[in-house]
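The structure presented is a predicted model; accordingly, all values stated were derived computationally and were not measured.
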Amino acid sequence: TEGNTAEAILALNTAIDLKPKDETAYRELAGLHMTRATERQREAQLLQVRALFRAPSQGFPSLVGSSGQSVFPDEIGSAVTTEASTQINQALQDAQTEATLAVDAYKRLVALQPHDPNVQLELAQAAQQVGDAATAITAYETFLKLAPDDPSAGVVRQQLKQLRAALASSSG
């Protein structure tokens with residue numbers, strides 16, 4: 001409730017260690033990891049925008065030597081660009097890690113609630129976000145078996161079609 005997601009995740013992991021079949025804890029844990037993944041993705045986007053504005057423009061005419069390279073290399077611009085790239089890559093890597101942890105929590109929740117279509121849908125969406133097409137396809141298929149008349153079944157069928165096409169093109 002205080003917005004300290006990191007401490008909440010630690011507390012939920014402790015709760016799960018003490019009570020390994022606590023379905024609510026797994027769902028909350030997965031949700032918090034997805035929230036952190038979204039936050040880190042948003043941070044990466046902001047860093048990219050900031051890098052565009054911070055990137056030095058051609059302030060001085062570039063003198064090019066006979067080798068085709070600048071006589072006066074832009075060391076400041078290079079340093080700014082390198083720092084921005086490092087921060088952006090770290091944020092994206094952190095987002096991927098958080099989303100993967102969410103998928104793991106959803107997989108453990110599915111083991112506890114294999115017949116809950118909502119859990120299957122949440123697993124599928126999280127797996128799709130991290131690029132785990134095989135897990136997403138399996139979870140979407142299970143969702144459709146459990147809830148074929150659900151209002152979101154049409155969207156799920158479209159997602160399945162896209163995932164299968166992407167999987168076929170990447171393996172072929």
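- Following chains of ILVMFWY side-chain contacts shorter than 4.5 Å, one cannot reach L121 starting from V155, and the two form parts of different hydrophobic clusters.
- A84 meets the side chain to side chain contact (heavy atoms under 4.5 Å, CB included) test with A51; sequence neighbours excluded.
- Of all heavy-atom pairs spanning A44 and A91, the tightest one is CB-CB, 3.8 Å.
- Of all heavy-atom pairs between F143 and P117, the closest is CD1-O, 3.1 Å.
- Under the 4.5 Å side-chain criterion, counting only non-hydrogen atoms from C-beta, I9 is not in contact with L101.
- Residues that satisfy the side chain to side chain donor-acceptor pair (under 3.5 Å) test with Q90, not counting sequence neighbours, are D94.
- The distance from the CD atom of Q87 to the OG1 atom of T82 is 11.0 Å, given to the nearest 0.5 Å.
- Nearest heavy-atom pair, A6 versus R36, reported as atom, atom and distance to 0.1 Å: CA-NH1, 3.3 Å.
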Would you be so kind as to tabulate the donor-acceptor pairs closer than 3.5 Å made by side chains of residues 105-116, with sequence neighbours excluded?
{"residue": "Q113", "atom": "NE2", "partner": "E23", "partner atom": "OE1", "Å": "2.5"}
{"residue": "D116", "atom": "OD1", "partner": "N118", "partner atom": "N", "Å": "2.9"}
{"residue": "D116", "atom": "OD1", "partner": "V119", "partner atom": "N", "Å": "3.4"}

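- Judged by distance alone, with hydrogens and angles left aside, the side-chain atoms of Y26 form a donor-acceptor pair with the main-chain N or O of P20 at under 3.5 Å.
- Counting heavy atoms from C-beta outward, R40 and T97 have side chains that stay 4.5 Å or more apart.
- Using a 4.5 Å cut-off between side-chain heavy atoms of Ile, Leu, Val, Met, Phe, Trp and Tyr, I88 falls into a hydrophobic cluster with L47, L92.
- By the side chain to side chain donor-acceptor pair (under 3.5 Å) test, E122 pairs with R27, sequence neighbours left out.
- Applying the side chain to side chain contact (heavy atoms under 4.5 Å, CB included) criterion to E28, with sequence neighbours excluded, gives L12, T24.
- D22 pairs by the salt bridge (Lys or Arg N to Asp or Glu O under 4.0 Å) definition with nothing, not counting sequence neighbours.
- Residue pairs meeting the side-chain hydrogen bond (donor to acceptor under 3.5 Å, both in side chains) criterion with at least one partner in residues 3-13, sequence neighbours excluded, are N4-E7.
- Distance CD/Q96 to CD/E98: 11.0 Å, rounded to 0.5 Å.
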Under 3.5 Å, sequence neighbours excluded: what are the donor-acceptor pairs made by side chains of residues 131-141?
{"residue": "D132", "atom": "OD1", "partner": "T135", "partner atom": "N", "Å": "3.2"}
{"residue": "D132", "atom": "OD1", "partner": "T135", "partner atom": "OG1", "Å": "3.1"}
{"residue": "D132", "atom": "OD2", "partner": "T135", "partner atom": "OG1", "Å": "2.7"}
{"residue": "T138", "atom": "OG1", "partner": "A134", "partner atom": "O", "Å": "3.0"}
{"residue": "Y140", "atom": "OH", "partner": "Q128", "partner atom": "OE1", "Å": "2.7"}
{"residue": "E141", "atom": "OE2", "partner": "R164", "partner atom": "NH2", "Å": "2.5"}

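- Heavy-atom minimum distance, A126 versus M34: CB-SD, 4.0 Å.
- Within the structure, the salt bridge (Lys or Arg N to Asp or Glu O under 4.0 Å) test picks out no pair touching residues 149-160 (sequence neighbours left out).
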